[in-house]
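These notes concern the structure reproduced below.
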Amino acid sequence: MKKNWLYGLLFLVVAAFVLFWWLKPASQAPVATSPTKGGASHSDKASLEEIVPEPAVLLRFSPKDGQVAVWRFNTHSKAAIDFSFMQPNLSGGSVPTPSSGQGVLVPVESSFLGELSLKFYPREPGIWNVAGLIQHLEHKINQEKSLYTPPLGEPFTFTMTSQGIFDHFEFTRGVPVNAQKLVKNLLLGLQITLPKEGQTAWSATETDMVGRYQANYHIETLAVKENRVVIGKEKHTYSGTFANDNSAIANSTVRVRNSSGKITMAMKGPWLTSLEYKEKTATLSGSYEWSNAESETTLNLLEKNTTGLFPELFAQFTERLQSDRYLSIRYYETDSVLDQMAAGLPLDGAVDLFKQMSQTKENNDEMLAAKFMINYLRRHPQASVELIDILDRDSHRERLNQEMQLTLWRLLAESGHSEAQKAVVTAISNSSRSEVTRMRALMTVHGFEHPQPFLVDELFNFYKQDTSSTDGAKTRQMKSMAMLAIGDLGQGEKLNEETKTKVGILLETQLGQVQSADAQLETLVAIGNYGDKQLAPKVEPFFTAEDERVRASAYTAMRRMDDPAIMNALIQHYGNESSTKVKTVALKTIGDLTLNQDGLKWANSNALAVTHPAEQIIMVDILGKSGKSNPENLLTLKEMLKTNPDMPVKRTIYKYIVPGQ
């Protein structure tokens, strides 16, 4: 899928269309309201005096528990943008300036329409958790269907206050960032902020995906008997934009040239009944206007059967956000501006441009170099193999220094797609590659966010290769690293349940079959990287293995298995262990996990019996870190001082108690 950071602002704040590749996400929706002397037009003043109660009515959104509503929305915008102005300045200047040849404004048109469905779940008084879906949608850029149309239909959630403030947006896992921004920008463009007190006119400081601005509101019509109020809205000057300070266009400002909105809502209801909003804006850098736009948005409440659209409980809806379907798709998204930079460049040319940008002194160029290279690899996935060829041939770092080479390996992992994963894992077993390349490929495997199952198969095949006739120390080390990488690919932080399941089955099978101490040790440490407590029963027999290295590795295997039953087993086997080296590893594992009160009492009772300095230091940290909630542990530390421990132990104790007290 092709990424385009520019899509986000085309339909509501199109003047800031190009800001999407340097903007930070907005933090919170409207943050403050205050009275204003502005308000209804002169023609409306008489009617307001007649129909607005005194004091003015207090407007609040008040959805019912579990209420569902559906709105039809339609937003259309046109922009004209000088794309040449946005080209990165590689000569060292921080802000581009229009030169001869610049000033050609390219027209861009965007439309976004569909049905917005919301269900309101009470969270606390005046705040709701809101589940959202967009259906029957259409999103086009310059009359062409957007690649983001499918993920735009994925579930999302946010919170809403009775004043109408939106916050805490959550999206389906893996949905492209730009699709998230489109939905968030739509909602922030539709919301209004109600006053804290009953007023006929007020102002609010609000935020959208561009920045912070002031909005002025006034009541145009208030029909109490009909439970209906019509509100006018005008957006005024942006007081700040969410720009990256390192961006070449960070000094740009957004001006609102015209803004008018008409909003209808029930005095007691879930949200808006209808909205009509028009806006014209311009984006300038200094005196140069490099973008201008106009947009129009409508929203209307529908009468529609919503049976079965949302589950009864909010928690049931949030479970839908854990879908994995878009995790791999996002690794093929590219940015059109970065695409233009690389237009027509073979990989050699892209690497040279990356090198040029990396060698500049400005941080923004270094960051841009990384973004450019990731974008190139996502635009050209098959270039992953060729990039490894370039790195492999540059063994004497004549073209790229070591820092650049290591960065390119990291960016291969960040590109994330299957082609990069295949290129990296194939390099590991390719004996024609240099030893340095194969070792770096092994280290790079750990960096993939969404590892594919074939990585596990390829690594295990490499691990099982019969290389006894040529099995040097380096080859043995690489095979050991491959097993550890397999465990790492299945850990919970990785985002592929299929791979996690595959790793768990492989490690359990391997642990039950291997006979040599080295193979047992490697598998146990890999299980430690994996960290799933379901393998704890398979690990426990190795606490009594003959080889003390294997016994120590059994403790290492449980270092991420935070469970009271596992903690009890660790403490029991620690008490039966005779080797000081193994006891030190065991105690470190115990200290890395979460001790409950029974565990802390055990530590307190046994601390004075520990005599080896390495164990004492670990025990001191266990007691010291819990000393505030368990003062008796600090008393035990003072007793330990009386035994004249080694100086490193004393220094550790003094981290938690004051000398002389």
Side-chain angles (χ1 to χ4, degrees), residues 491-492 511 521 524-525 527-659 661:
Q491 64 172 289
L511 190 61
L521 184 154
L524 287 167
V525 177
I527 290 174
N529 287 350
Y530 179 54
D532 195 314
K533 64 183 181 182
Q534 291 184 358
L535 292 185
K538 305 298 181 182
V539 172
E540 192 164 356
F542 291 89
F543 286 128
T544 56
E546 183 177 348
D547 192 309
E548 68 174 18
R549 297 178 306 150
V550 175
R551 298 201 304 274
S553 298
Y555 287 99
T556 301
M558 292 189 172
R559 69 184 188 274
R560 292 179 175 173
M561 301 181 188
D562 230 338
D563 183 271
I566 292 174
M567 177 62 73
N568 292 336
L570 291 173
I571 290 174
Q572 178 183 348
H573 288 290
Y574 168 80
N576 297 329
E577 180 57 55
S578 59
S579 167
T580 298
K581 292 181 180 179
V582 178
K583 288 176 74 71
T584 301
V585 175
L587 195 57
K588 184 179 186 307
T589 301
I590 292 171
D592 287 341
L593 298 174
T594 304
L595 272 76
N596 56 22
Q597 286 300 313
D598 289 338
L600 291 173
K601 288 180 180 178
W602 167 84
N604 189 291
S605 300
N606 289 269
L608 297 177
V610 175
T611 58
H612 193 273
E615 289 182 72
Q616 287 179 325
I617 288 174
I618 298 171
M619 190 67 85
V620 168
D621 280 329
I622 292 174
L623 297 178
K625 290 176 181 178
S626 59
K628 288 185 178 180
S629 56
N630 296 270
E632 64 273 14
N633 290 347
L634 299 182
L635 296 176
T636 301
L637 293 183
K638 293 179 180 180
E639 289 296 317
M640 290 181 71
L641 282 174
K642 298 177 182 179
T643 64
N644 297 313
D646 287 357
M647 187 55 66
V649 179
K650 287 183 179 180
R651 284 198 294 264
T652 306
I653 293 175
Y654 286 138
K655 286 168 41 180
Y656 303 106
I657 66 174
V658 178
Q661 291 187 357

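These values consider heavy atoms only, across backbone and side chains, with no hydrogens, waters or symmetry-generated copies. The chain is numbered in sequence order, starting from 1.
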Which atom pair, heavy atoms only, marks the closest approach of [X] to [Y]?
X      : Y      : result
Gly599 : Ile571 : CA-CD1, 4.5 Å
Leu570 : Thr589 : CD1-CG2, 4.1 Å
Pro613 : Val649 : O-CG2, 3.9 Å
Pro648 : Ile617 : CB-CD1, 4.1 Å
Gln616 : Val610 : NE2-O, 3.1 Å
Ala607 : Thr636 : CB-CG2, 4.0 Å

Please examine the side chains of [Y] and [X], heavy atoms only from C-beta on, and report whether any two atoms are closer than 4.5 Å.
X      : Y      : answer
Thr556 : Leu524 : no
Lys583 : His612 : no
Asn604 : Leu600 : no
Phe543 : Asn576 : no

Answer yes or no: is there a donor N or O on one side and an acceptor on the other, between the side chain of [X] and the main chain of [Y], under 3.5 Å?
X      : Y      : result
Arg551 : Val582 : no
Asn633 : Gly624 : no
Asn606 : Trp602 : yes
Arg560 : Asp532 : no

Between atom [atom1] of [X] and atom [atom2] of [Y], what is the distance when rounded to the nearest 0.5 Å?
X      : Y      : atom1 : atom2 : answer
Ser626 : Glu632 : OG    : CD    : 8.0 Å
Leu623 : Leu637 : CG    : CG    : 5.0 Å
Arg549 : Ser579 : CZ    : OG    : 12.5 Å
Met558 : Met561 : CE    : CE    : 6.0 Å
Asp598 : Asn568 : CG    : CG    : 7.5 Å
Tyr574 : Leu587 : OH    : CG    : 4.5 Å

Working for side chain to side chain contact (heavy atoms under 4.5 Å, CB included), residues Asn529 and Gln491: CA-CA 7 Å; Asn529 287 350; Gln491 64 172 289; 5.9 Å; no

NZ/NE/NH1/NH2 to OD/OE distance under 4.0 Å, Asp621 and Lys655: yes

Ion pair Asp563/Lys533, N-O distance below 4.0 Å: yes

Lys650 vs Leu641, side chain to side chain contact (heavy atoms under 4.5 Å, CB included): CA-CA, chis, key distance, verdict: CA-CA 7 Å; Lys650 287 183 179 180; Leu641 282 174; 4.1 Å; yes

Lys588 to Tyr555, cation-pi by 6.0 Å centre distance and 45° axis angle: no

Trace of the side chain to side chain contact (heavy atoms under 4.5 Å, CB included) decision for His573 with Glu540: CA-CA 9 Å; His573 288 290; Glu540 192 164 356; 3.2 Å; yes

With Glu639 via salt bridge (charged side-chain N to carboxylate O under 4.0 Å, His left out) - residues at least two apart: Lys642

